[in-house]
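Scroll down for the structure; my scribbles are underneath it.
Note on naming: letters A, B, ... go to the chains in the order of the sequence lines (proteins, then strands), and numbering restarts at 1 for each one. These numbers come from the heavy atoms of this one structure, side chains and all, not from hydrogens, waters or symmetry mates.
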Protein chains: 2
Amino acid sequence: MDGPRFEPVRAVRAYERVVEQVEEAIEGGTLSPGQRLPSERELMVQFSVSRSTVREALRVLQARGLVRSRPGDPNGAEVLPFSPAALHKSMTTLARVEELSLAELVQFRMVLDSSAILLAARLRTDAQLADMESAVAGMRAAVEAGHDAFGEADVAFHDVVARSSGNKLIQICMDVVRSIVLKLIAEKIADAPDREALMRQSIRHHEEVLAAMRAGDGPLAARLSRKAMYDYYAGYVPAAERSSLRALLD
Amino acid sequence: MDGPRFEPVRAVRAYERVVEQVEEAIEGGTLSPGQRLPSERELMVQFSVSRSTVREALRVLQARGLVRSRPGDPNGAEVLPFSPAALHKSMTTLARVEELSLAELVQFRMVLDSSAILLAARLRTDAQLADMESAVAGMRAAVEAGHDAFGEADVAFHDVVARSSGNKLIQICMDVVRSIVLKLIAEKIADAPDREALMRQSIRHHEEVLAAMRAGDGPLAARLSRKAMYDYYAGYVPAAERSSLRALLD
DNA sequence: TGCAGCCTACTGGTCCGACCAGTGCACTAG
DNA sequence: CTAGTGCACTGGTCGGACCAGTAGGCTGCA
């Protein structure tokens with residue numbers, strides 16, 4: 001026997017215990033979205049801490065996207081429904097701190113997008129397929145309307161696909177990573193010399209993927225989507241890292 | 001013309017502007033990990049706000065994993081290197097709020113793991129392959145040593161694979177999702193009646209995957225890994241959702 | 001009776017000043 | 001030269017104060 005092994009009691013600050021309790025109440029369902037927390041002055045009585053402490057705790061909870069408070073609101077802070085905002089934030093930070101290269105982000109998109117397509121090809125409903133059709137139609141219509149509209153239609157297509165995959169985690173991550181990638185290369189895309197040709201090629205690619213999905217051939221659709229994304233983004237990735245992207249092509 | 005469209009100026013709180021400035025300094029590289037922020041009393045002079053405001057800002061930055069402060073430290077808060085802790089936290093919340101089912105998490109792991117294996121099969125170095133071999137050897141040795149040791153060896157294997165994929169984002173997401181899944185079913189696994197048989201089957205699966213990677217057959221290795229993970233986890237997933245997992249098998 | 005407008009009692013946001021328990025460093029006493 | 005002791009800081013917490021908002025009840029007019 002080593003004798004009783006005592007853990008070092010790391011000092012736990014007061015506001016942390018407040019955060020903990022509220023967090024458990026929310027995650028445990030005692031507090032559900034839409035409900036209100038007591039006012040700060042009431043909380044400071046219940047927890048018997050000062051208002052500063054209560055407020056620091058609320059700031060943390062707010063940063064985690066769990067609650068929101070509005071000045072002047074006669075009720076206390078509002079418990080929010082979950083939103084991937086916090087996830088989005090931390091992933092964006094990860095990318096911004098330059099820890100992530102564009103190649104890694106694009107590669108991740110290739111993985112997620114093709115997986116979503118594979119799943120959607122097998123699990124989609126007819127209504128969802130129709131939504132995809134109309135999204136591609138929207139892309140066609142947007143060629144003339146300028147680059148912004150085209151981008152939006154493109155995003156709409158991938159959104160439908162992500163929803164059709166039936167996996168919310170894939171959907172959220174795709175959304176997050178896509179917006180990061182688009183922000184990173186927004187100006188480069190706008191300056192592309194042959195924008196219209198790129199758009200038409202992109203539409204052709206989407207039509208091919210869609211056809212494969214309609215036919216129920218998931219693996220083909222997935223393969224086509226990886227190829228399409230490679231063709232679209234490879235130019236923006238430093239040549240040295242392109243081979244790691246090609247490793248995902250068959 | 002609609003006339004000039006004015007955006008509603010949503011009230012931006014003082015502490016938010018403090019957060020913003022510090023965040024930009026960190027993400028822009030002006031402040032790099034290991035460096036110290038000025039003390040709270042110094043910050044309140046620089047930003048000309050009260051200490052409460054400074055502290056609320058610091059709480060937010062701390063919640064985002066960007067800084068850490070220690071009581072009594074003669075220097076100010078420390079700028080932290082990026083860690084996926086915040087990512088982990090938000091994804092865990094997402095899972096706890098019951099927004100994410102076990103099936104979705106396992107499915108996501110199947111996608112990420114098989115993609116990492118596909119990439120690793122093509123991009124791995126010989127040293128990394130050797131690490132994988134020894135990880136599997138560790139799994140064999142751990143069968144007798146009990147379930148915890150086996151789990152650790154298993155994790156070690158997948159960690160090497162993730163590193164070998166060359167994609168930090170895949171690596172981080174795998175780590176986060178894996179730990180969430182393992183926590184969700186930890187007790188169920190411990191109670192499994194035929195633990196040893198499961199371990200031996202798992203080892204066989206890993207050996208097959210490893211053989212395919214050694215041979216450079218990425219697609220085969222990826223397919224095997226999806227199958228292996230399905231076999232391992234399907235039992236814990238409600239029957240109704242299993243079909244969505246099978247959609248990833250060929 | 002009906003409604004427009006004011007009034008009040010709250011809310012959160014910010015500030016100030018104070019105290020405490022830690023920490024590191026310089027200085028002192030041996 | 002070193003061991004020990006203060007001191008001057010740090011962050012954590014507290015309490016009180018003021019402000020600009022909001023919502024809902026109340027009043028007074030039509």
>> Can you list everything that forms a side chain to side chain donor-acceptor pair (under 3.5 Å) with Arg41(B)? Sequence neighbours excluded, please.
In response: none

> Partners of Glu42(A) by salt bridge (charged side-chain N to carboxylate O under 4.0 Å, His left out), sequence neighbours excluded?
Replying inline: none

Just the atom pairs and distances: protein N or O near nucleotides 21-23 of chain C's N or O, under 3.5 Å.
unit_1, atom_1, unit_2, atom_2, d
dT23(C), O4', Gly72(B), O, 3.4

For [X], enumerate each residue passing the side chain to side chain contact (heavy atoms under 4.5 Å, CB included) test, keeping only those at least two apart in sequence or located in another chain.
| X | result |
| --- | --- |
| Val155(A) | Asp159(A), Arg178(A), Leu182(A) |
| Ser50(A) | Ser52(A), Thr53(A) |
| Met110(A) | Val106(A), Arg226(A), Met229(A), Tyr230(A), Leu245(A), Leu248(A), Leu249(A) |
| Gln35(A) | Leu31(A), Ser32(A) |

>> Contact list please: residues 45-55 of chain A against DNA chain C, heavy atoms, distance less than 4.0 Å, in numerical order.
In response: Arg51(A), Arg55(A)

> Using rotation axes that map the C1' atoms of four end pairs onto the next four (five pairs an end), what angle separates the end axes of the helix from dT1(C)-dA30(D) to dG30(C)-dC1(D), to 10°?
Replying inline: 20°

> Hey, where on DNA chain D does chain A first and last touch, going 5' to 3'? Cut-off is any atom under 4.0 Å from a heavy atom.
Replying inline: dG12(D) to dA23(D)

> Which residue pairs satisfy the side-chain hydrogen bond (donor to acceptor under 3.5 Å, both in side chains) criterion with at least one member in residues 71-84 of chain A, sequence neighbours excluded?
Replying inline: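 Every pair satisfying side-chain hydrogen bond (donor to acceptor under 3.5 Å, both in side chains) with a residue in residues 71-84 of chain A: Arg36(A)-Asp73(A), Arg68(A)-Glu78(A), Arg70(A)-Asp73(A).
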
Pairs: protein N or O with nucleotides 4-9 of chain C N or O, under 3.5 Å:
none

